[in-house]
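Right, one structure below, let's go through it.
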Amino acid sequence: QVQLVESGGGLVQAGGSLRLSCVASGRTFNSYIMGWFRQAPGKEREFVATVSRSGDITYHADSVKGRFTISRDNAKNTVYLQMNSLKPEDTAVYYCAAGRKFSSLEREYDYWGQGTQVTVSS
């Protein structure tokens with residue numbers, strides 16, 4: 001069982017930056033693939049980024065590529081999402097997730113955090 005707690009969301013102007021953090025409980029953090037997803041109002045949840053167990057391989061959705069960067073610190077049981085050049089369309093609840101397969105599919109992730117709100121004003 002893994003518990004995930006996100007933080008770092010908030011209100012930011014377009015063009016600004018935020019860094020989201022997700023802390024995992026337990027001693028098996030480095031055995032999980034970690035991912036970030038987001039859900040905007042009235043829309044389905046969508047994939048944002050994922051990172052391998054060691055952190056050396058990442059994959060980002062086209063919509064955030066070049067602006068967002070996922071990373072992890074296994075010593076701190078934490079995964080990060082650095083978000084730069086934010087746009088109003090990035091407004092959403094952001095969720096971190098833990099799974100066993102390197103994937104952009106929600107169904108491959110077994111554990112989810114409660115989410116953190118990111119709002120980007122124009």
Are [X] and [Y] connected, step by step, through hydrophobic side chains (Ile, Leu, Val, Met, Phe, Trp, Tyr) whose heavy atoms are closer than 4.5 Å?
X	Y	value
Val51	Met83	yes
Ile33	Ile70	no
Trp36	Tyr80	no
Val2	Phe29	yes
Val12	Leu81	yes

Exercise for review: Give me the ring orientation class for Tyr59 and Phe47: parallel if the planes are under 30° apart, tilted from 30 to 60°, perpendicular past 60°.
Suggested key: parallel
Taking the side chain as every heavy atom from C-beta outward, state whether [X] and [Y] have any atom pair closer than 4.5 Å.
X	Y	answer
Phe68	Leu86	yes
Leu4	Met34	yes
Lys76	Ser21	no
Leu20	Glu6	no
Tyr95	Glu106	no
Arg67	Asp90	yes
Val120	Lys87	no
Phe37	Glu46	no

Search all heavy atoms of [X] against all heavy atoms of [Y] and return the closest pair with its distance.
X	Y	result
Tyr109	Gly35	CE2-N, 3.8 Å
Ser17	Asn84	OG-OD1, 2.9 Å
Arg72	Ser52	NH1-O, 2.8 Å
Val79	Cys96	CG1-CB, 4.4 Å
Ser121	Leu11	CB-CD1, 4.4 Å

For [Y], is there any backbone N or O sitting under 3.5 Å from a side-chain donor or acceptor partner on [X]?
X	Y	value
Asp73	Thr78	no
Asn77	Gly26	yes
Ser122	Pro88	no

Check your understanding: Once you round to the nearest 0.5 Å, how far does NZ of Lys101 lie from CZ of Arg107?
Key -> 7.5 Å
Exercise for review: Verify the neighbour count for atom NZ of Lys65: are there more than 12 heavy atoms of other residues, nucleotides or ligands below 6.0 Å?
Suggested key: yes
Review point. Has Gln39 got more than 12 heavy atoms of other residues, nucleotides or ligands less than 6.0 Å from its CD?
Key: yes
Point to revise | Test log, rule side chain to side chain contact (heavy atoms under 4.5 Å, CB included), inputs Arg53 and Phe102 | key: CA-CA 9 Å; Arg53 293 176 180 83; Phe102 191 81; over 6 Å; no
Point to revise | Arg100 vs Tyr32, side chain to side chain contact (heavy atoms under 4.5 Å, CB included): CA-CA, chis, key distance, verdict | key: CA-CA 5 Å; Arg100 296 292 188 180; Tyr32 288 93; 3.2 Å; yes
Practice item. Go through Arg38 and Val64 one step at a time and tell me if the side chain to side chain contact (heavy atoms under 4.5 Å, CB included) criterion holds. Key: CA-CA 11 Å; Arg38 67 185 182 185; Val64 306; 4.0 Å; yes
